*Asks:* 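Provided herewith is a single structure, encoded as C-alpha coordinates, for subsequent inquiry.
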Amino acid sequence: MRSLLTKMNTEHNGGAWYALQVKTRWETSTTTLLSGKGYQTFLPTFKTERLWRGKSQEVTAPLFPGYVFCQFDPHNRLPVLVTPGVLAVVGRGRVPVPVEDTEMEAIQRMVFSGFRTEPWPYLEVGQQVRIDEGALSGLQGILLSFKGTRRIVVSVSLLRRSVALEIDRSSVSAIASSLTDIFQSHAAEAALHEVAVA
(Lines give C-alpha, C1' and ligand atoms only; values in the text may rest on other atoms or scores of the structure.)
Protein backbone atom coordinates (compact mmCIF):
# COMPACT_ATOMS: atom_id res chain seq x y z
CA MET A 1 0.00 0.00 0.00
CA ARG A 2 1.42 3.39 -0.98
CA SER A 3 2.04 5.71 1.94
CA LEU A 4 0.16 9.02 1.93
CA LEU A 5 3.34 11.04 2.40
CA THR A 6 5.37 9.09 -0.12
CA LYS A 7 5.40 11.57 -2.97
CA MET A 8 6.69 10.79 -6.41
CA ASN A 9 5.78 12.47 -9.65
CA THR A 10 4.56 9.81 -12.05
CA GLU A 11 6.16 11.25 -15.18
CA HIS A 12 9.79 10.34 -15.78
CA ASN A 13 11.99 12.57 -17.89
CA GLY A 14 14.93 10.15 -17.98
CA GLY A 15 17.25 12.45 -16.01
CA ALA A 16 19.47 11.39 -13.13
CA TRP A 17 18.19 11.41 -9.56
CA TYR A 18 20.03 13.56 -7.01
CA ALA A 19 19.73 13.56 -3.23
CA LEU A 20 18.96 16.95 -1.71
CA GLN A 21 19.82 17.68 1.89
CA VAL A 22 16.89 19.56 3.41
CA LYS A 23 16.02 21.09 6.77
CA THR A 24 14.77 18.66 9.38
CA ARG A 25 10.96 18.23 9.18
CA TRP A 26 10.86 20.15 5.89
CA GLU A 27 10.94 17.02 3.74
CA THR A 28 7.24 17.05 2.79
CA SER A 29 6.89 20.79 2.19
CA THR A 30 10.13 20.96 0.18
CA THR A 31 8.98 18.02 -1.96
CA THR A 32 5.68 19.80 -2.62
CA LEU A 33 7.44 23.07 -3.54
CA LEU A 34 9.85 21.30 -5.94
CA SER A 35 6.98 19.40 -7.56
CA GLY A 36 5.17 22.73 -7.97
CA LYS A 37 8.19 24.01 -9.91
CA GLY A 38 7.86 21.05 -12.28
CA TYR A 39 10.64 18.85 -10.92
CA GLN A 40 10.32 15.08 -10.56
CA THR A 41 10.56 14.33 -6.83
CA PHE A 42 10.56 11.29 -4.58
CA LEU A 43 10.12 11.29 -0.81
CA PRO A 44 10.14 7.69 0.50
CA THR A 45 8.30 7.25 3.79
CA PHE A 46 7.40 4.48 6.22
CA LYS A 47 4.83 3.86 8.95
CA THR A 48 6.06 3.88 12.54
CA GLU A 49 4.64 3.96 16.06
CA ARG A 50 5.21 7.10 18.13
CA LEU A 51 4.17 7.80 21.70
CA TRP A 52 2.05 10.96 21.89
CA ARG A 53 0.26 12.10 25.05
CA GLY A 54 0.75 8.67 26.57
CA LYS A 55 -0.79 6.82 23.63
CA SER A 56 0.83 4.91 20.80
CA GLN A 57 -0.03 6.40 17.44
CA GLU A 58 0.88 5.33 13.90
CA VAL A 59 2.59 8.12 11.97
CA THR A 60 4.28 8.44 8.60
CA ALA A 61 7.93 9.53 8.63
CA PRO A 62 10.69 9.99 6.01
CA LEU A 63 12.71 6.85 5.32
CA PHE A 64 15.78 9.09 4.92
CA PRO A 65 15.28 11.98 7.39
CA GLY A 66 16.73 15.22 6.06
CA TYR A 67 16.80 14.09 2.41
CA VAL A 68 14.59 14.33 -0.68
CA PHE A 69 15.30 12.86 -4.12
CA CYS A 70 14.89 15.06 -7.18
CA GLN A 71 15.60 14.97 -10.94
CA PHE A 72 17.14 18.12 -12.38
CA ASP A 73 19.90 19.42 -14.63
CA PRO A 74 22.98 19.76 -12.35
CA HIS A 75 24.27 22.63 -14.55
CA ASN A 76 21.07 24.59 -13.79
CA ARG A 77 20.57 23.80 -10.12
CA LEU A 78 20.03 27.32 -8.76
CA PRO A 79 16.20 27.08 -8.91
CA VAL A 80 16.46 23.90 -6.84
CA LEU A 81 18.91 25.38 -4.32
CA VAL A 82 16.78 28.50 -3.68
CA THR A 83 13.71 26.37 -2.89
CA PRO A 84 12.75 26.84 0.79
CA GLY A 85 14.08 23.98 2.90
CA VAL A 86 16.88 22.93 0.52
CA LEU A 87 20.34 23.11 2.12
CA ALA A 88 22.54 21.45 -0.50
CA VAL A 89 22.84 18.89 -3.27
CA VAL A 90 24.67 15.79 -2.06
CA GLY A 91 27.96 15.35 -3.91
CA ARG A 92 31.71 15.52 -3.70
CA GLY A 93 32.69 19.02 -2.70
CA ARG A 94 30.61 21.32 -4.91
CA VAL A 95 30.05 18.71 -7.62
CA PRO A 96 26.61 17.02 -7.45
CA VAL A 97 26.81 13.24 -7.67
CA PRO A 98 23.74 11.35 -8.96
CA VAL A 99 22.28 8.44 -7.04
CA GLU A 100 22.93 5.10 -8.77
CA ASP A 101 19.97 4.10 -10.98
CA THR A 102 19.92 0.61 -9.48
CA GLU A 103 19.75 2.02 -5.94
CA MET A 104 16.91 4.40 -6.84
CA GLU A 105 14.99 1.59 -8.50
CA ALA A 106 15.51 -0.64 -5.47
CA ILE A 107 14.27 2.06 -3.05
CA GLN A 108 11.21 2.78 -5.20
CA ARG A 109 10.34 -0.91 -5.54
CA MET A 110 10.68 -1.45 -1.78
CA VAL A 111 8.53 1.58 -0.89
CA PHE A 112 5.75 0.78 -3.36
CA SER A 113 5.81 -3.00 -2.77
CA GLY A 114 3.37 -2.86 0.11
CA PHE A 115 5.85 -4.58 2.44
CA ARG A 116 6.82 -2.92 5.70
CA THR A 117 10.02 -0.87 5.38
CA GLU A 118 12.07 0.88 8.03
CA PRO A 119 15.35 2.79 8.29
CA TRP A 120 18.40 0.63 9.09
CA PRO A 121 21.99 1.49 10.00
CA TYR A 122 24.20 1.34 6.93
CA LEU A 123 26.24 -1.86 6.84
CA GLU A 124 28.60 -2.78 4.01
CA VAL A 125 30.20 -6.09 3.15
CA GLY A 126 33.82 -5.99 4.37
CA GLN A 127 32.95 -3.61 7.19
CA GLN A 128 34.02 -4.36 10.75
CA VAL A 129 30.99 -4.95 12.99
CA ARG A 130 30.25 -5.69 16.66
CA ILE A 131 27.64 -8.10 18.05
CA ASP A 132 25.49 -6.14 20.52
CA GLU A 133 23.17 -8.78 21.99
CA GLY A 134 23.13 -12.29 23.36
CA ALA A 135 25.93 -14.63 24.47
CA LEU A 136 28.33 -13.22 21.85
CA SER A 137 27.79 -9.58 22.87
CA GLY A 138 30.96 -7.51 22.37
CA LEU A 139 32.48 -9.90 19.83
CA GLN A 140 33.87 -8.16 16.75
CA GLY A 141 34.15 -9.47 13.23
CA ILE A 142 33.92 -8.64 9.54
CA LEU A 143 30.61 -8.63 7.70
CA LEU A 144 30.96 -11.21 4.94
CA SER A 145 27.52 -11.21 3.34
CA PHE A 146 23.83 -10.73 3.86
CA LYS A 147 21.80 -13.93 3.92
CA GLY A 148 18.11 -13.61 3.15
CA THR A 149 16.43 -10.56 4.56
CA ARG A 150 17.13 -10.81 8.30
CA ARG A 151 20.40 -12.68 8.71
CA ILE A 152 24.07 -12.07 8.02
CA VAL A 153 27.26 -14.07 8.14
CA VAL A 154 30.06 -12.65 10.27
CA SER A 155 33.68 -13.75 10.26
CA VAL A 156 35.26 -13.48 13.69
CA SER A 157 39.04 -13.61 14.00
CA LEU A 158 40.00 -15.89 16.89
CA LEU A 159 43.55 -17.14 17.39
CA ARG A 160 44.37 -15.91 13.86
CA ARG A 161 41.58 -18.05 12.43
CA SER A 162 38.12 -17.18 11.19
CA VAL A 163 34.88 -18.55 12.53
CA ALA A 164 31.73 -17.97 10.54
CA LEU A 165 28.33 -17.80 12.18
CA GLU A 166 24.86 -16.71 11.27
CA ILE A 167 23.35 -14.08 13.51
CA ASP A 168 20.27 -11.89 13.35
CA ARG A 169 21.10 -8.62 11.60
CA SER A 170 19.40 -6.58 14.34
CA SER A 171 22.06 -7.80 16.79
CA VAL A 172 24.93 -6.29 14.80
CA SER A 173 26.18 -2.71 14.58
CA ALA A 174 28.97 -1.05 12.62
CA ILE A 175 32.18 -0.12 14.40
CA ALA A 176 33.42 3.48 13.95
CA SER A 177 35.08 4.08 10.61
CA SER A 178 38.40 4.93 12.28
CA LEU A 179 38.64 1.36 13.58
CA THR A 180 37.71 0.03 10.15
CA ASP A 181 40.40 2.18 8.57
CA ILE A 182 42.96 0.91 11.09
CA PHE A 183 41.94 -2.70 10.44
CA GLN A 184 42.09 -2.23 6.67
CA SER A 185 45.52 -0.60 6.87
CA HIS A 186 46.84 -3.49 9.04
CA ALA A 187 45.37 -6.02 6.60
CA ALA A 188 47.01 -4.19 3.67
CA GLU A 189 50.36 -4.12 5.50
CA ALA A 190 50.09 -7.83 6.29
CA ALA A 191 49.30 -8.62 2.65
CA LEU A 192 52.26 -6.54 1.46
CA HIS A 193 54.53 -8.26 4.03
CA GLU A 194 53.41 -11.70 2.81
CA VAL A 195 54.15 -10.68 -0.80
CA ALA A 196 57.57 -9.34 0.22
CA VAL A 197 58.43 -12.54 2.11
CA ALA A 198 57.30 -14.73 -0.78
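Everything numeric here is computed off the predicted structure, so don't read it as measured data.
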*Asks:* Can you get from Leu33 to Leu87 by hopping between Ile, Leu, Val, Met, Phe, Trp and Tyr side chains that sit under 4.5 Å apart?
*Replies:* no
*Asks:* Once you round to the nearest 0.5 Å, how far does OG1 of Thr60 lie from CZ of Arg50?
*Replies:* 10.0 Å
*Asks:* Is any side-chain heavy atom of Val80 less than 4.5 Å from a side-chain heavy atom of Tyr39?
*Replies:* yes
*Asks:* Under a plain distance cut-off of 3.5 Å, with no hydrogens placed, do Asp132 and Ser171 share a side-chain donor-acceptor pair?
*Replies:* no
*Asks:* Where do Val172 and Leu143 land on the side-chain contact (heavy atoms from CB on, under 4.5 Å) test, with the steps shown first?
*Replies:* CA-CA 9 Å; Val172 176; Leu143 178 63; 5.9 Å; no
*Asks:* Can you tell me how far the CG atom of Asp101 sits from the CE atom of Met104, to the nearest 0.5 Å?
*Replies:* 9.0 Å
*Asks:* Of Thr32, Thr31, Val22, which meets side-chain contact (heavy atoms from CB on, under 4.5 Å) against Leu43?
*Replies:* Thr31
*Asks:* Apply ring-ring contact (aromatic ring centres under 6.0 Å, His included) to Phe64 and list each qualifying residue two or more places apart in sequence or on a separate chain.
*Replies:* Phe69
*Asks:* How long is the gap from OG1 on Thr30 to NZ on Lys23, to the nearest 0.5 Å?
*Replies:* 8.5 Å
*Asks:* Nearest 0.5 Å, what's the CZ-CG distance between Arg130 and Leu139?
*Replies:* 10.5 Å
*Asks:* Test side-chain contact (heavy atoms from CB on, under 4.5 Å) on Thr48 and Val59 and set out the steps.
*Replies:* CA-CA 6 Å; Thr48 185; Val59 297; 3.6 Å; yes
*Asks:* Tell me which pairs pass side-chain hydrogen bond (donor to acceptor under 3.5 Å, both in side chains) where either residue lies in residues 74-93, with sequence neighbours left out.
*Replies:* Lys37-Thr83
*Asks:* Could you pull out the closest heavy-atom pair between Ser35 and Thr41, with the gap in Å?
*Replies:* OG-OG1, 2.7 Å
*Asks:* Within the distance-only criterion (no hydrogens, no angle test), does the side chain of Ser29 pair as donor or acceptor with the backbone N or O of Trp26 below 3.5 angstrom?
*Replies:* yes
*Asks:* In this structure, are over 12 heavy atoms from other groups packed under 6.0 Å from Asp73 atom CG?
*Replies:* yes
*Asks:* Does Leu81 belong to the same Ile/Leu/Val/Met/Phe/Trp/Tyr cluster as Phe72, with side-chain heavy atoms less than 4.5 Å apart forming each link?
*Replies:* yes
*Asks:* Taking all atoms of both residues into account, what is the closest heavy-atom pair of Ala174 and Val129, and its distance?
*Replies:* CA-CG1, 4.2 Å
*Asks:* Decide if atom CE of Met110 counts as having more than 12 heavy atoms of other residues, nucleotides or ligands within a radius under 6.0 Å.
*Replies:* no
*Asks:* Give a yes or no on whether the backbone of Arg25 and the side-chain of Glu27 come within a donor-acceptor separation of less than 3.5 Å.
*Replies:* yes
*Asks:* Could you tell me the separation between the OH atom of Tyr67 and the CD atom of Gln21, rounded to the nearest 0.5 Å?
*Replies:* 4.5 Å
*Asks:* Check whether any side-chain heavy atom of Glu58 lies under 4.5 Å from a side-chain heavy atom of Lys47, and answer yes or no.
*Replies:* yes
*Asks:* Relative to each other, are the rings of Phe42 and Trp17 parallel, tilted or perpendicular (30° and 60° limits)?
*Replies:* perpendicular
*Asks:* Looking at CG of Leu34 and CG of Leu20, how far apart are the two atoms once the value is rounded to the nearest 0.5 Å?
*Replies:* 6.5 Å
*Asks:* Between Phe112 and Phe46, is there a shared hydrophobic cluster once you connect ILVMFWY residues whose side-chain heavy atoms come closer than 4.5 Å?
*Replies:* yes
*Asks:* Taking side chain as C-beta onward, heavy atoms only, is Gln140 less than 4.5 Å from Ile175?
*Replies:* yes
*Asks:* Using side-chain hydrogen bond (donor to acceptor under 3.5 Å, both in side chains) as the criterion, list what pairs up with Ser56, not counting sequence neighbours.
*Replies:* Glu49
*Asks:* Side chains of Tyr18 and Cys70: does their closest heavy-atom pair fall under 4.5 Å?
*Replies:* no
